[in-house]
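One structure is given here, and the rest of the page talks about it.
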Amino acid sequence: MLFCTILYKYTLRAWFQADDFAWLGLRLHVHNAQQFWYAMFAPLAGGSIRPFSERAFFMGFSSLFGIHALPYRIAVYVTQLAVIALFAMVAKRLCRSLVAGFVAPILWVANSALAMPLTWTCAYNEILCSGVFLLAFYALIRYVETNERRFNVLQWVIFLFGFGILEINVVYPFIAILYVACFARKLIRQTVLLLIPSAIFTIVFFAVKIKPKNEAFYALSAGLSTLGTLASYWGVALGPSAAAEYFSWVRPIALPATLVLTVSVLGFAGWSTLRGDRIPVFCLGWFLIALAPFLAIHSHITDYYVMVPAIGLALLGAWAATVSLKSGAIARAATFGLIGVYLAFQIPTARRASQELWARSVPLKRLVMGVQSVHARDPGKIILLDGVSEPVFWLGVYNHPFRLIGATDVYLTPESARKMTPYPELGNIADYTLPESEERVALSQNRALVFAVEEGRLRDITNVFKATAVEGETPRRLEVGHPLVESLLGPSWYGSEGDYRWMPKEASVRLGVPKTGEGEVRVEAFCAPVQVAAQPLLVWLTVDGETGPRVAIRDCNQAVAVTAPVHATPGKKEIEVVVHVDRTVRVGADQRDLGLAVRTIEVVDKP
């Protein structure tokens, strides 16, 4: 349990993402008893029902805690700890070994397939499913040991409950049948009866199945493609293939390492079977049976599908450790050496995977909380989001998270929508925008606010956006890093780096004129300390060809302010401002000639 807490330290810190928002919004459709029962049990896309692991969980917690993620995360964490304790009991009973009871949970927890269920709330069903399989199986073991009917009843109750957790519950009877075939053949006939509920569920599932939008991802196919899918999942379960997705240094050795581990696992299983030991056969059978429902879905290979099958591999590793302790030094060294190789691949991968899953939820939290704050301050305003990245859109905005906070008038700007890669099978991006005519009217009537989205943080750009998109005037203030103002920048500017962009020795912008024709240009910028290490950096502006005063910069640890006077003739609509520095520098591996990093340029009226 301590190992799990340390390895998956991001479990309690993660926020919502992707399908979480759809489940969080389920309660918004429930206003009476009939709607409640429909929300709990009506088949959704793909035919899934899962009333306990998804619907009851999300509806109950969202009613109590809203979009405060910590209670959800605590529930996930506590459940996982309980499942670990249960797994230790199962391993101890199956292998009749305290060593196995200690080693098996460690091998399972280390598997990177657990990273997503422990970090993404929507995958909580995998943890619950693991608990169902283990508790039902524990009851079966106790029934075999004691022949007490109450344990068989418990197995049936947990098994039937599992149909409300995850569809792969249908394969549990095959695990139970394999176990009694190996260790208690007299119970085969009554254990086979477990297949009846599975058969009924399977028939109903395919009868009511609704095609999902992304049906191609879940298309079923048989034949040789299932062997390729099996090989992919086998590589993930052993570790090297999963590690290669995150660490480039693993890629050249992933296949050889997988082959070594495969030969070792199958060699131990074969050797044990020849000696009459059935535990390795059962462990590998668990892996294959639990994985079987996913083998026909070759277009949607997902690491966390390995969570329940990985229980079988962990049991096998624990049994190998137990057997090796009764063998010679060479056998012990080889066994624990291979376990070390497995852990060396899995532990860093599990940590990196959970960290990345947590990190991608952070900008979503900032965005939703930011919109919530804006909506609370200006509840009647339309909110337009500009500069939304593709991950933030597809993991957040796409699933309508803002309805959870009562903000229903939140849209992308047309510019943001045009930059999105379309996926027609998922939905129409245009549905997340306002018609441009409506947008212009809303802005002109001050009924809309526009915010730039940078890593989920909101920055109000309403005035700039309104000036360029609605009024057709050249704005008098530019936040140079924003993509919206690129048409007003000269060709020499480098790309945006958030709220600023670098320029070379000189760069120009177009700005609107002061209202009275008289005013001042102000530039806010910063430089690199290496630029002033030997001598000051000289900066100056020219406004329509008129040179302003030079400023000597001696300290790059604070913002640089440069000004120049503006004298616009009557009728003039815009001016050209050129920023100059007396020299450039190259920093590290950056091959650009860097002069000044500019944040804002604005024209102010003469007081």
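Residue indices begin at 1 and follow the sequence shown. No experiment lies behind these values; they were computed from the predicted model shown.
A donor-acceptor contact shorter than 3.5 Å links the side chain of Gln17 to the backbone of Leu357. Under a 3.5 Å cut-off, the side chain of Asn125 and the backbone N or O of Ile165 do not form any donor-acceptor pair.
What you find for Ile6 and Arg351 is that their closest heavy atoms are O-NH2, 2.5 Å. The shortest non-hydrogen separation linking Phe65 to Tyr72 is CB-CE1, 4.3 Å. Scanning all heavy atoms of the two residues, the minimum distance from Leu193 to Trp156 falls at O-CH2, 3.4 Å. Contact record, Tyr8 with Ala350: OH-CB, 3.5 Å, taken as the closest heavy-atom pair. The nearest pair of heavy atoms linking Trp15 to Ile67 is NE1-O, 3.5 Å. The heavy-atom pair separating Cys4 from Leu118 by the smallest distance is SG-CD1, 4.4 Å.
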Practice item. Begin with the C-alpha distance, continue with both residues' side-chain angles, and end with the deciding distance and a verdict on side-chain contact (heavy atoms from CB on, under 4.5 Å) for Phe268 and Thr335. Key: CA-CA 10 Å; Phe268 171 71; Thr335 300; over 6 Å; no
**Study point:** Residue pair Leu338, Val265: steps toward the side-chain contact (heavy atoms from CB on, under 4.5 Å) verdict
**Key:** CA-CA 9 Å; Leu338 290 168; Val265 168; over 6 Å; no
Exercise for review: Would you sort out whether Tyr179 and Thr191 count as a side-chain contact (heavy atoms from CB on, under 4.5 Å), showing the intermediate values?
Suggested key: CA-CA 10 Å; Tyr179 175 74; Thr191 305; over 6 Å; no
Point to revise | Step-by-step side-chain contact (heavy atoms from CB on, under 4.5 Å) determination, Ile177 to Leu195 | key: CA-CA 9 Å; Ile177 291 169; Leu195 291 172; 3.8 Å; yes
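Looking only at side-chain heavy atoms (C-beta outward), Phe159 and Pro197 come within less than 4.5 Å of each other. Between Val397 and Leu367, the closest side-chain pair of non-hydrogen atoms falls below 4.5 Å. Ser62 places none of its side-chain heavy atoms less than 4.5 Å from the side chain of Trp23. The shortest distance between side-chain heavy atoms of Tyr172 and Gln155 falls below 4.5 Å. Two residues are said to be in side-chain contact when any heavy atoms from C-beta on lie closer than 4.5 Å; Phe16 and Pro401 fail this criterion. With a 4.5 Å cut-off on side-chain heavy atoms, Trp234 and Leu313 count as touching. Considering only heavy atoms from C-beta on, Ile168 comes within 4.5 Å of Phe294 through its side chain. Phe174 places a side-chain heavy atom less than 4.5 Å from the side chain of Ile289.
Take Tyr77 and apply the side chain to side chain donor-acceptor pair (under 3.5 Å) test, not counting sequence neighbours, and it matches Thr5. Listed by chain and number, the residues in a ring pair (Phe, Tyr, Trp, His ring centres under 6.0 Å) with Phe52 are Phe161 (sequence neighbours excluded). Listed by chain and residue number, Tyr124 satisfy the side chain to side chain donor-acceptor pair (under 3.5 Å) test with Thr79 (two or more places apart in sequence, or in another chain). Scored by the side-chain contact (heavy atoms from CB on, under 4.5 Å) test, Arg332 finds Ser324, Leu325, Ala329 as partners (sequence neighbours excluded). Remark: Ser354 pairs with no residue by the side chain to side chain donor-acceptor pair (under 3.5 Å) rule, at least two apart or across chains. In this view, Asn147 satisfies the side chain to side chain donor-acceptor pair (under 3.5 Å) rule with no residue, not counting sequence neighbours. With sequence neighbours excluded, the residues that form a side-chain contact (heavy atoms from CB on, under 4.5 Å) with Gln591 are Arg586.
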Below 3.5 Å, can you tabulate the donor-acceptor pairs from side chains in residues 273-287 to any protein atom, sequence neighbours excluded?
| residue | atom | partner | partner atom | Å |
| --- | --- | --- | --- | --- |
| Thr273 | OG1 | Ala269 | O | 2.7 |
| Asp277 | OD1 | Ile279 | N | 3.1 |
| Asp277 | OD2 | Trp319 | NE1 | 2.6 |
| Arg278 | NH1 | Cys182 | O | 3.3 |
| Trp286 | NE1 | Val308 | O | 3.1 |

Would you be so kind as to tabulate the donor-acceptor pairs closer than 3.5 Å made by side chains of residues 91-115, with sequence neighbours excluded?
| residue | atom | partner | partner atom | Å |
| --- | --- | --- | --- | --- |
| Arg93 | NH1 | Glu145 | OE1 | 3.0 |
| Ser97 | OG | Val99 | N | 3.1 |
| Ser97 | OG | Ala100 | N | 3.1 |
| Ser97 | OG | Thr322 | OG1 | 3.3 |
| Trp108 | NE1 | Met307 | O | 2.9 |
| Asn111 | OD1 | Ala113 | N | 3.0 |
| Asn111 | ND2 | Ala237 | O | 3.0 |
| Asn111 | ND2 | Tyr342 | OH | 3.2 |
| Ser112 | OG | Gln346 | OE1 | 3.1 |

Give the table of side-chain donor-acceptor pairs shorter than 3.5 Å for residues 126-141, with sequence neighbours excluded, one pair per line with atom names and distance.
| residue | atom | partner | partner atom | Å |
| --- | --- | --- | --- | --- |
| Ser130 | OG | Glu126 | O | 2.9 |

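Note that CD of Glu54 and CG of Leu166 are 7.5 Å apart. Values are rounded to the nearest 0.5 Å. From Tyr305, atom OH reaches atom OG of Ser232 across 14.0 Å, with rounding to the nearest 0.5 Å. Distance check: Gln190 CD to Asn152 CG gives 5.5 Å after rounding to the nearest 0.5 Å. Separating the OG1 atom in Thr258 from the CG atom in Leu238 is a distance of 6.0 Å, to the nearest 0.5 Å. Once rounded to the nearest 0.5 Å, the distance linking CD of Glu245 with CG of Asp303 reads 5.0 Å. Atom CZ of residue Phe345 and atom CZ of residue Phe247 lie 11.0 Å apart, to the nearest 0.5 angstrom.
Heavy-atom contacts from other residues, nucleotides or ligands closer than 6.0 Å to CZ of Phe201 number more than 12. More than 12 heavy atoms of other residues, nucleotides or ligands sit less than 6.0 Å from atom CG of Leu64. With a 6.0 Å radius and a threshold of 12 heavy atoms from other residues, nucleotides or ligands, Glu390 has its CD atom above the threshold.
For Thr121 and Arg73, the side-chain atoms include at least one donor-acceptor pair closer than 3.5 Å.
Residue pairs satisfying the salt bridge (charged side-chain N to carboxylate O under 4.0 Å, His left out) criterion with at least one member in residues 149-162, sequence neighbours excluded, are listed as follows: Glu148-Arg150. Applying the salt bridge (charged side-chain N to carboxylate O under 4.0 Å, His left out) rule to pairs touching residues 355-365 yields nothing, sequence neighbours excluded.
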